[in-house]
Amino acid sequence: MIDLKKLTIKSAHEHLINKDFSVHELVQEYLNVIKEKNSDINAYLEVYDDVMAQADVAQKIIDSGKAGMLCGIPIALKDNILVTGKKATSASKILEGYVAPYDATVVSKLKTENLVFLGRTNMDEFAMGGSTENSAFGVTKNPIDTSRVAGGSSGGSAAAVSMDGALGALGSDTGGSVREPAAFCGVVGLKPTYGGVSRHGLMAMGSSLDVIGPITKTVTDSEIMYNAIAGLDSFDSTTYPSTLYPHTKKEKLVLGVPYHILDQEGINQSVRDNFTESIKKLEELGYEIRDIRLPNIGYSLAVYYILMPAEVSSNLARFDGVKYGLHLEGDNLLQDYLKTRAKGFGPEVRRRILIGTYVLSTGYYDAYYNKANILREMISEEFNKAFKEVDCIVMPTTPMPSFKIGEKAHDPLSMYLADVFTVPANIVGIPAISIPSGVTSVGGVDLPLGIQLMSSHDREDTLFEISKKFLGEK
Amino acid sequence: MITTQDIQHLASLARIELGEAEAQHLTTEIDSILGYVGQIKATGTENVPHVPALHNVMRDDIPTNTAGQYTEALLDNAPSREGDYLKVKKILGNSDDII
């Protein structure tokens with residue numbers, strides 16, 4: 001028996017190299033957990049049928065002595081990332097039966113490391129949601145308390161890691177979809193810099209916001225996975241060369257806390273208390289804490305819920321029942337479109353497409369879309385200014401711990417408010433990480449809480465450094 | 001205040017068929033969401049020019065794959081095909097089909 005609870009990517013790698021166990025044995029342990037728990041948790045939509053064949057390839061590399069850090073490591077992929085010959089549906093009925101014709105860049109990069117892809121994980125349909133309740137294939141339960149949501153939209157990926165059903169997973173983050181489920185499930189979630197990781201082969205949601213990021217148990221593992229997937233890619237023109245953002249090494253890091261954002265309503269007391277404790281802990285670790293002001297950050301959520309649906313409405317125009325997936329017959333081509341898109345898209349996707357269509361329509365474009373773009377630049381400017389003074393900005397990840405399944409399902413606006421602390425990083429394009437910062441006891445269950453660290457563009461190294469110190473990782 | 005007619009119009013633009021009950025339901029929800037995001041209308045950004053900090057990223061137009069490399073895999077996903085073409089219903093002829 002391998003103790004999966006304590007296992008990390010780093011330690012598993014050492015065990016594999018030392019021949020304490022084989023890739024086959026390691027992978028089998030994970031398959032056993034998935035078999036035992038997945039029918040209840042619903043983290044995975046599919047476990048691939050070639051997992052052991054992948055394990056055999058990885059073992060040969062290890063035996064040859066040429067294994068890298070990720071060789072033979074079993075991980076999970078969010079259902080919106082393409083793997084040649086495998087199904088990918090974005091948890092939507094409209095992509096029923098879709099088989100990916102090519103590998104996403106992140107997948108081809110990980111394939112060269114010979115890690116083992118266990119399967120594809122559940123998510124909110126087309127990554128729209130914060131609870132995985134918008135999946136066409138049922139909710140993903142939180143492994144820590146199965147009456148609660150795993151978060152979303154990368155809820156399946158976070159739950160897979162949290163339930164010891166994978167050593168790591170990839171998710172995508174448009175407004176918090178990696179960080180929020182990571183916080184709810186007590187694991188580490190990284191949203192890299194916009195353009196830091198190629199989106200080639202990721203199904204697009206909000207193209208000026210989307211980024212792929214790892215979900216792991218430790219910060220060290222997060223860094224290992226990030227290094228493996230990051231970098232320039234000719235298939236995604238928003239990726240940047242490592243020379244784009246100059247790095248200056250500082251001796252003493254200063255952390256900024258925009259305390260004024262905690263003044264707003266709707267923030268759970270346990271989140272406030274835990275945040276205060278976390279800041280105290282950072283101070284005790286020797287960091288200087290500075291109170292900073294980001295005057296327009298309060299508009300981030302409104303800006304996000306204008307720009308994102310606008311981009312959604314155009315990105316999802318491609319799903320028309322002609323090129324792939326579901327097709328419903330009407331009397332003519334227009335009826336085919338109307339019926340296919342009505343039946344294929346779930347309620348939240350339809351809602352966002354309509355909002356996006358509205359804010360982009362004549363007469364409203366200036367009042368909503370253009371205005372949101374101007375505010376986006378103002379908010380970005382405020383962050384850039386703040387980063388001249390501080391190296392890292394600290395906020396809670398979410399305003400509340402994981403909520404009950406069904407609690408917010410009928411009130412889309414209250415669900416959107418869960419993204420209040422995570423959307424600014426997407427709007428500005430900076431990297432942000434959510435790390436476990438403690439628990440709050442609700443109904444006899446210790447629910448995880450997370451804090452979020454943000455740094456300037458391409459300064460993931462700062463996030464890793466501070467996060468490791470906070471969690472006591474060597 | 002957005003109306004059910006507005007929602008039906010947006011749905012037809014977005015090529016999504018909506019039933020009457022769903023249209024009414026969406027009217028209430030979308031009205032409340034637009035109320036929330038509409039808070040930005042009160043901000044004083046009138047004198048701020050919108051200059052996107054974007055630039056074009058160009059590359060030479062050289063094929064990155066060989067001819068036909070992905071044809072089968074792509075067309076296999078199509079609900080309806082004829083040879084190497086996607087098959088759709090005819091789009092010309094009935095002017096009242098277009099809204």
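Here is how names work: the chains are called A, B, and so on, in the same order as the sequence lines, proteins then strands, and each is numbered from 1. When reading the values below, keep in mind they use all heavy atoms of this one structure, side chains included, and skip hydrogens, waters and symmetry mates.
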Pair count under 4.5 Å, heavy atoms only, with chain B: among A/Tyr102, A/Tyr337, A/Tyr299, highest is A/Tyr299

If you tally heavy-atom pairs under 4.5 Å between each of A/Val322, A/Leu326, A/Asn296, A/Thr340 and chain B, the highest tally belongs to A/Val322

Find the one option among [options] whose heavy-atom pairs under 4.5 Å with chain A are most numerous.
{"options": "B/Ile33, B/Leu74, B/Leu26, B/Asp76", "result": "B/Ile33"}
{"options": "B/Leu34, B/Leu18, B/Ile2, B/Leu86", "result": "B/Leu34"}
{"options": "B/Leu10, B/Val57, B/Ile30", "result": "B/Leu10"}

Point to revise | Other residues, nucleotides, ligands: >12 heavy atoms within 6.0 Å of B/Glu82 CD | key: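 No.
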
query = For B/Lys89, does the NZ atom sit with more than 12 other heavy atoms under 6.0 Å from it, leaving out its own atoms?
reply = yes

Between A/Tyr245 and A/Tyr240 (judged by ring centroids, cut-off 6.0 Å), do the two rings come close enough to count as a pair?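 Yes, the ring centres sit under 6.0 Å apart.
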
Ring centroids only, cut at 6.0 angstrom: are A/Phe387 and A/His457 within range, meaning strictly under it?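 That pair fails the under 6.0 Å test.
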
Worksheet item: Is it the side chain or the backbone of B/Gln39 that comes within 4.5 Å of chain A heavy atoms, both, or neither?
Response: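 Contact with chain A involves both backbone and side-chain atoms of B/Gln39.
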
ask   = With distance as the sole test, does A/Ser131 use its side chain to make a donor-acceptor pair with the main-chain N or O of A/Glu133 at under 3.5 Å?
value = yes

Contact part of [X] toward chain B, heavy-atom cut-off under 4.5 Å: side chain, backbone, both or neither?
{"X": "A/Ser237", "value": "both"}
{"X": "A/Tyr304", "value": "neither"}
{"X": "A/Asp411", "value": "neither"}
{"X": "A/Ala372", "value": "both"}
{"X": "A/Leu307", "value": "neither"}

Task: Cationic N near anionic O, under 4.0 Å, A/Glu329 to A/Lys339 - done: no

Fill in: Charged N-O contact under 4.0 Å between B/Arg81 and B/Glu72
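So B/Arg81 pairs with B/Glu72 through a salt bridge.
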
All heavy atoms of A/Met128 vs all of A/Asn134, minimum pair found to be O-ND2, 2.8 Å

